[in-house]
Each structure stands twice: as structure tokens, then as C-alpha cells.
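Working notes for the structure below.
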Amino acid sequence: MSSTTAQSGLARARRGLAPGGSGGGTLNRKSKLSGQTRRTFFWLLLPSIVLLILINGYPLIYAGVQATHDGSLIDTGNFVGFDNFATVLTAPAFWKAAQFTLWFTIVGVFGSWLVGLGLALLLRTKIPAGGTFKVLLLLPWVVPIVVSSTAWNWLVATPDSLIPSIFRNLGLGTPLFLADPHLAAVMVMIFKVWVSFPFMMMMISAALASVDTTVYEAASMDGASKWQQFTQITLPMIARSTYISWILMTIFCVNDFPTIYLLTGGGPVDATTSLVVLAYRSVFQDFQTGTGVAIAFLMTLTLVIVSVFLYRQIRKSSVE
Amino acid sequence: MNVQPAANKAFSRRGFLGLTAAAASVPLLAACGGGSASQGGGGAGGTVKFWDMPWGTPAYNDAAKKITEGFSGSSSKASYQIIQWNNFYQTFSSAIASKTGPAVSTGGGFQAFQFEQQGQIAYADKVIDALKKNGQFDDFLPGVLDPFKTDKGYVAVPWQLDMRPLWYRKSLFDKAGAEVPTDWPSLLEAGKKLKGIGAVGFATGSGAGNFIGNHLMIMMMINNGGGVWTKDGQLDVMNDRNVEATEFMLELVSNGVVDPAAVSYTTDNLDAQWKKGGKAAFGMYVTGLPQRVGDTSGDLLVASPLAGPHGDKAALAFPNNIMMYKNTPSQEASEAFLVYYMGQLKSLWQQKLMNALPVFKSITELPEFTSDPNNVKIVKEYQPIAKTFAAQGAALNANMAVLDGGQALNQFTQTILTGKTDAKSALTAFQTGLQSVIKK
């Protein structure tokens with residue numbers, strides 16, 4: 001097959017056409033059916049569209065109304081335009097929370113990915129009781145967050161808790177893991193990585209299972225080192241799954257309320273207050289519904305931008 | 001090939017679409033129609049929906065349900081539902097907004113004022129009149145009813161007092177050779193001695209979901225004759241008494257009298273400190289502490305209220321209340337139910353199901369209540385000097401909810417407990433935070 005023919009075949013395949021088939025014919029059929037069929041399609045789709053609008057559109061519109069009013073959960077209140085957004089964007093607390101959310105997300109996504117990747121690679125090797133380990137390693141993801149946060153609290157909260165006691169016995173002082181603002185931020189991030197790595201491990205394990213082992217054998221015969229095999233074969237082969245898991249984990253981290261709120265409540269002194277915690281506090285503790293919903297809108301906007309960027313990376317990796 | 005007639009084809013397609021549209025609209029119609037139907041039934045007066053919180057063990061709710069279901073007004077009855085504390089304000093708000101809320105409820109201490117502000121509360125003046133007629137009005141402990149009186153009427157009726165007394169563990173004081181504090185200097189002195197044996201001289205906490213630390217800050221201000229509001233309800237955070245109280249709290253923190261990890265303590269952490277073998281020797285906590293932590297050996301005792309440096313003495317209390325809503329099958333039925341329920345409260349204390357104080361003198365004289373010397377001391381020494389979050393004023397309003405659960409007070413408390421501030425800076429930030437969220 002000449003290169004022109006191959007490119008033409010690829011282009012046809014991308015358009016979903018069979019070899020030798022006539023693209024023009026399909027288009028003609030489409031335009032011929034457009035009147036009656038399109039109306040049928042419209043009526044068939046209408047119930048689903050109505051449902052989608054009710055499920056997604058209505059809350060979104062209502063949230064938009066709340067974000068531009070100064071009311072409560074019961075009463076919409078007066079229209080204030082974009083005042084709530086201005087209030088939020090000029091508040092130092094918002095930017096502090098945004099900064100923590102950024103760090104929390106970066107550490108949560110890449111920390112859990114690194115741990116998950118390491119364990120997925122380890123579990124791919126022949127280790128005794130690998131299946132049992134896999135199940136045990138899933139526990140942090142499976143156990144309800146209320147239970148695990150309580151367990152972590154008891155491990156680190158007081159000077160007499162297990163972990164501070166170990167530090168003290170090792171002569172490293174008595175760190176106040178949840179009372180010191182910096183340590184509390186670190187603890188929340190570690191907790192997030194601990195909760196999330198099983199998800200990453202499963203995603204990567206699934207991707208690794210589809211990699212043909214003969215590729216590695218061929219690379220070994222060509223003299224590639226283990227590191228080269230990892231960076232030149234493994235990572236590119238799991239790139240698509242990696243980007244998908246990054247998108248999902250970014251959304252999980254930015255929207256993560258229980259991990260933070262149950263362990264620290266956003267404290268001490270706002271050291272672990274993320275945007276979602278700030279939004280919750282604004283609505284349900286300060287009863288400022290408009291500003292709370294405005295924060296949620298800004299979060300959604302950011303998430304959409306990040307997701308679109310990562311989705312483009314997925315498409316790029318697919319083409320490559 | 002079978003060919004259907006055109007009309008038949010059109011009918012089946014339209015029929016299918018119509019059926020689908022009808023099916024899709026069922027949830028919408030159900031959602032729209034739910035409100036009005038929910039309060040119906042139960043005769044001409046309908047069923048009065050009573051929502052109650054888990055104020056004690058499950059046995060409390062069982063008893064409250066029994067009382068509720070025992071109501072039979074003129075052609076009306078009552079139903080009982082437990083509402084969990086988690087997100088309770090959201091639960092009430094959503095239900096009220098969709099007209100599926102209760103007719104009568106207990107709830108957060110300032111909830112009645114929040115919903116009054118939004119036009120959802122039915123005033124309880126007729127209930128008060130009925131209580132005057134049946135003699136219960138004169139049975140109220142002094143001052144418990146006043147915070148609920150507004151220009152428009154009584155917003156709610158108090159049914160229990162959530163007091164914040166000072167507790168001490170006798171064995172730890174004996175071990176440290178310290179005297180139980182009676183004023184601020186002796187609190188500092190005792191705290192230093194207790195620290196010497198590894199005990200905590202002023203136990204508190206302000207971790208996730210723990211409001212005791214917040215209450216302690218306000219209690220110390222009130223105890224010194226201060227408070228967050230003026231007598232006429234204006235914001236007054238920066239007054240000298242508040243500055244003095246905050247400086248004293250910082251002194252306690254810097255001397256290690258307050259646990260350095262207290263800022264992150266949840267109520268579970270704090271309970272563990274108060275349990276037998278725990279470190280807490282002295283501190284402000286809830287009534288019924290021995291029962292709460294399972295130590296009724298007599299080692300946990302109520303201390304007398306402290307005297308501030310100017311001789312002031314005051315305690316903090318939350319008068320929990322029962323409120324009525326405008327969304328009711330019958331206002332008369334709601335009122336009749338509330339009068340009936342107030343008359344049945346005694347049985348809850350007789351069965352020892354309540355940790356909080358009663359609002360009726362007659363209940364404080366019951367043998368089941370007086371058998372606990374801690375209860376007697378709280379009624380005798382704390383109730384007469386008790387003030388609410390409204391101090392230096394007396395009338396409650398919706399802004400108290402913002403103060404109680406809001407970010408401003410919590411941040412202030414945590415700043416003080418970490419000790420990395422000075423009193424005036426912390427109070428200024430507190431005032432600024434409150435100003436940004438309170439309704440003028």
C-alpha cells in the first residue's frame with residue numbers, strides 16, 4: 001500500500017467509513033432523511049433532554065440565582081449582581097483557601113499516583129499472596145471516611161496518641177500533628193494520599209494488564225535498561241489511564257469535603273481550609289448563602305478549565 | 001414485509017412520546033405536590049409534625065416519641081420524627097422551603113430566631129397565655145423566658161437549659177496539692193500546680209465539630225462582666241472587659257495551663273481527657289459530665305463559678321427551646337400540642353433521660369433530680385447568674401447563630417489557643433469577621 005493510500009485509509013477510518021465505501025452516499029442519505037428522521041430523533045430525545053435539564057440545569061440555574069442574591073436557603077433575597085463574587089475574590093480567606101486547595105490537589109493527585117504506581121508495579125511481580133495484598137491495599141479506599149478519619153485522629157491528635165508517643169520515645173520531641181498549622185496541613189495531605197492511592201493503584205493495574213509483555217522482552221533484547229523500559233514503554237503505555245486518573249483525582253481533591261472537615265474541621269486557624277470547606281462554612285455556619293455558592297461557582301469554573309486541559313492531553317496521547 | 005398504515009404509525013409514535021413525557025414529569029409533579037399533602041390527615045385538625053433532636057441516649061427519643069403520640073387534641077394528633085444534628089440547619093431549611101417541614105420542633109438554640117427572620121415562625125403568645133392559665137408560667141425558673149420575647153411576640157418556648165458549668169476531678173487536685181479555684185488568680189495558680197503532675201488545669205477543645213472552646217471564650221468574657229453585644233444588641237467586641245478576659249486566656253495558654261493540643265481536640269478527644277485516668281483536672285463543659293464519660297464514682301464534681309478580677313460572676317447557658325412554624329395543618333393544634341408537651345416534660349427528668357437542666361422549678365425539686373448533688377449545685381449557683389450569648393444584653397436574635405457556629409468566633413478561639421497573638425489583634429479580627437456576616 002502506498003503512503004497516500006495508507007493516509008487516505010486512515011482518514012476514512014477516522015470518519016468511520018469502510019474501505020471502498022462511498023462517503024458521499026452516506027451524506028446524501030443523511031440529507032434525504034433529515035426532515036422526518038430529525039423530527040423523530042428530536043421527539044425521542046426530548047424526554048432525556050428534559051430530564052437532563054431538570055437534573056443538571058435546574059440546580060445550576062438556582063445556584064446562579066443564589067450567587068447573585070443576598071438571601072438564605074429559604075428566601076432568595078435581593079438581587080446584588082456580582083457583588084458576592086467581588087466579595088469572595090477580594091477576601092484574603094478565599095485566596096488562602098485557594099492556595100491550600102492547590103497544594104492539597106497537587107499532593108493528593110501526584111502523591112497518590114506515585115504510591116499507586118509503585119504498588120501496581122510491585123503487585124505485577126510474582127510476590128507471595130499478591131491477591132491478598134491487593135485486597136488489603138484497597139481498604140483505605142473502601143473503609144468509610146468517617147471511620148478512617150476517626151482512626152487517624154486517635155493516632156495523632158493528642159500528645160499521648162500513638163504517633164506522637166513514638167516520636168517522643170525516639171527523642172524527636174512531641175509534635176502536635178493537628179494543633180500546629182503547618183503540620184496539620186501536611187497531615188491532611190498525607191491522609192488524602194492514604195485514602196486515594198488504592199484508586200490510583202487499581203487504575204494503573206488495569207492499564208498495566210493490557211501491556212503486552214513481549215514488548216519488554218523485545219526491549220531487553222535491544223539492550224534497554226529497566227529504567228529505560230519504565231520511562232520509554234510503561235509510562236507511555238499507561239499515559240491514557242494516567243491522564244484519566246489525574247482528571248478524576250483532581251476533581252476528587254478539589255471537591256473533597258469529608259477528608260478535611262472530619263480530620264481538622266479546616267483548622268487550626270484556617271490552615272487546612274480548602275475552597276469547598278470555605279463554601280460550606282459560608283453557607284451553613286455564617287449563613288452567607290450567596291458568597292458560599294459564588295465560591296462553588298468559581299471552583300466549578302476552575303475544575304472545568306483543568307479538566308479540559310487534561311482531556312486534551314488524553315486526546316494528544318491517543319493520537320501519539 | 002408488514003406495512004403499517006400511516007395513521008397507526010403516527011399514533012404509536014405519539015403515544016410512545018406522550019407516555020414517556022408523562023413518565024418523566026411524574027417526579028416533578030410529585031415534588032410540587034408533596035408539601036400540601038404532607039401536613040394532612042389525622043382529622044380536621046390534622047397531624048402535627050413534631051421534629052426532635054437526639055438530646056440524649058436513644059431512650060430519650062423513645063420517651064419523647066411516646067409523649068408525642070399520646071397527644072390527642074380536639075380532632076388532631078401528633079407524629080414524631082428524629083432529626084440528626086449533622087447538617088440540621090440544612091435539613092430544616094430544605095424542608096421548610098419545600099413546605100414539608102415540621103409544625104413544631106426543637107432544634108438549634110437560635111434556630112427559632114433565624115426562621116423568624118425569614119417569616120416562618122408562628123409566635124407562641126397563645127401558648128404562653130395557656131401556660132399562665134394552667135400555672136406552668138409561674139413555674140419557670142427566673143429569666144429563662146425573657147430571651148424569647150420580641151416586639152412581635154414570643155418566638156419560642158424554652159424547655160431545657162444547656163448550662164456550661166465548671167467541673168473538676170478531685171483526685172487530681174489532691175494529688176497536685178492544689179485548691180479548687182474560686183477566682184482567676186487561683187485558677188492560674190492551681191493550673192501551674194496541676195501542670196506539675198502532668199494534668200491540665202483548664203481543659204477545652206476547638207477541633208472539628210467541637211464548640212466548647214468557642215463557648216469558653218464567651219464564658220470568660222461574660223464572667224468578667226463583658227460580652228460580645230451591648231445591652232441594646234449592638235456589636236461590642238473590643239470592650240475593656242473582653243480585652244482583659246482574652247489577655248487572661250492567653251496567660252493561661254502561655255503558662256501551659258491549657259493543653260497545647262487543645263486547639264485540635266474534638267469532643268471525643270475532650271471526653272477522653274475527662275475520663276478516669278485522663279488528664280483534665282478543671283474546665284468548663286456540659287451538664288451531666290460524669291454520665292457522659294462514664295465516671296459516676298463521685299470524683300468529678302461541679303466547682304463554684306469563678307469570680308472575675310472585678311468581682312463579677314456569671315455563667316453561660318443556652319436556653320433550648322421548642323418553636324412553632326407557620327406551615328401547620330392547624331395553628332390551634334400546634335398550640336395545643338405544645339402546651340400538652342410542656343406539661344409532660346417532667347417525665348423525661350423522672351426517667352433520668354436528660355443531661356440538661358429543666359426550665360421548671362418543680363422539676364428541679366424532683367427526687368430523681370436532686371439525688372445528684374452536681375445538679376443541685378448547678379441550679380443553685382449557676383442558674384441564677386446564667387447569661388446567654390446575647391450578653392451584655394438579654395434578648396436573643398438571629399445574629400447569635402452566626403456568632404455561635406460561625407467562622408469568626410472559631411477562628412478567634414483557635415488563634416487564642418495557639419497562643420500566637422495578642423488580645424487586641426485577636427479581638428479586632430474577631431470583630432471584623434463578625435461585622436462582615438451579621439445582619440444589621
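Here is the naming used below: chain letters follow the sequence lines, and residue numbers restart at 1 for every chain. Any value given below was found using the heavy atoms of this structure, including those in side chains, with hydrogens, waters and symmetry copies removed.
- For the residue pair A/Ala157 and B/Ser264, the shortest heavy atom distance occurs at O-OG, 3.9 Å.
- We find the OG1-CG distance between B/Thr266 and A/Leu178 to be 9.5 Å, quoted to the nearest 0.5 Å.
- Contacts of B/Asp259 with chain A are made by side-chain atoms alone, with heavy-atom separations under 4.5 Å and no backbone atom involved.
- Contact annotation: the side chain of B/Asn410 approaches that of A/Arg281 to within less than 4.5 Å [non-hydrogen atoms, C-beta and beyond].
- The parts of B/Thr415 that come within reach of chain A are both its backbone and its side chain, each placing non-hydrogen atoms under 4.5 angstrom from that chain.
- Counting heavy-atom neighbours within 6.0 Å of A/Phe79 CZ, excluding the residue itself, gives a total above 12.
- Only the side chain of B/Gln114 comes within contact range of chain A, with at least one heavy atom under 4.5 Å from a heavy atom of that chain.
- Heavy-atom contacts from other residues, nucleotides or ligands closer than 6.0 Å to OH of A/Tyr62 number more than 12.
- Considering only heavy atoms from C-beta on, A/Leu73 stays 4.5 Å or farther from B/Phe92 through its side chain.
- By number of non-hydrogen pairs under 4.5 angstrom with chain B, the leading residue of A/Leu176, A/Asp75, A/Asp270 is A/Asp270.
- The 12-atom threshold is not exceeded at CH2 of A/Trp103, counting heavy atoms of other residues, nucleotides or ligands nearer than 6.0 Å.
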- prompt: Under the side chain to side chain contact (heavy atoms under 4.5 Å, CB included) criterion, do B/Val437 and A/Phe287 qualify, and how do the steps go?
  reply: CA-CA 8 Å; B/Val437 291; A/Phe287 307 106; over 6 Å; no
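- Looking at A/Gln285, its side chain never comes within 3.5 Å of a backbone N or O of B/Gly406 through a donor-acceptor pair.
- With respect to chain A, the highest number of heavy-atom pairs below 4.5 Å among B/Ala408, B/Ala97, B/Gly119, B/Ala208 belongs to B/Ala208.
- Distance check, rounded to the nearest 0.5 Å: CD1 of A/Ile74 to OG of B/Ser94 gives 8.5 Å.
- Using a 4.5 Å heavy-atom cutoff, the side chains of A/Leu278 and B/Gln407 are in contact.
- Shown here is A/Lys96, whose NZ atom has more than 12 heavy atoms of other residues, nucleotides or ligands within 6.0 Å.
- At a cut-off of 3.5 Å, with distance as the only test, no side-chain donor of A/Asn153 or B/Asp268 sits close to an acceptor on the other residue.
- Two residues are said to be in side-chain contact when any heavy atoms from C-beta on lie closer than 4.5 Å; B/Lys279 and A/Asp160 meet this criterion.
- No more than 12 heavy atoms of other residues, nucleotides or ligands sit less than 6.0 Å from atom CD of A/Gln99.
- Using a 4.5 Å cut-off between heavy atoms, B/Ala401 touches chain A through backbone and side chain atoms alike.
- With a threshold of 4.5 angstrom between heavy atoms, A/Leu46 does not approach chain B through any atom at all.
- Taking a 6.0 Å sphere around CZ of A/Phe257, one finds it holds more than 12 heavy atoms contributed by other residues, nucleotides or ligands.
- One finds the NZ atom of B/Lys420 at 5.0 Å from the CG atom of A/Asp180 (value rounded to the nearest 0.5 Å).
- Heavy-atom distances place no part of B/Phe412 under 4.5 Å from chain A, backbone and side chain included.
- Of all heavy-atom pairs spanning A/Ala179 and B/Pro260, the tightest one is CB-O, 3.8 Å.
- Contacts between A/Thr174 and chain B at a heavy-atom distance below 4.5 Å are absent for every atom of the residue.
- Although no hydrogens or angles enter the test, the distance criterion places no donor-acceptor pair under 3.5 Å between the side chain of B/Gln118 and the main chain of A/Ser72.
- Looking only at side-chain heavy atoms (C-beta outward), A/Tyr280 and B/Asn87 come within less than 4.5 Å of each other.
- Rounding to the nearest 0.5 Å gives a distance of 6.5 Å between CG of B/Asn269 and OG1 of A/Thr158.
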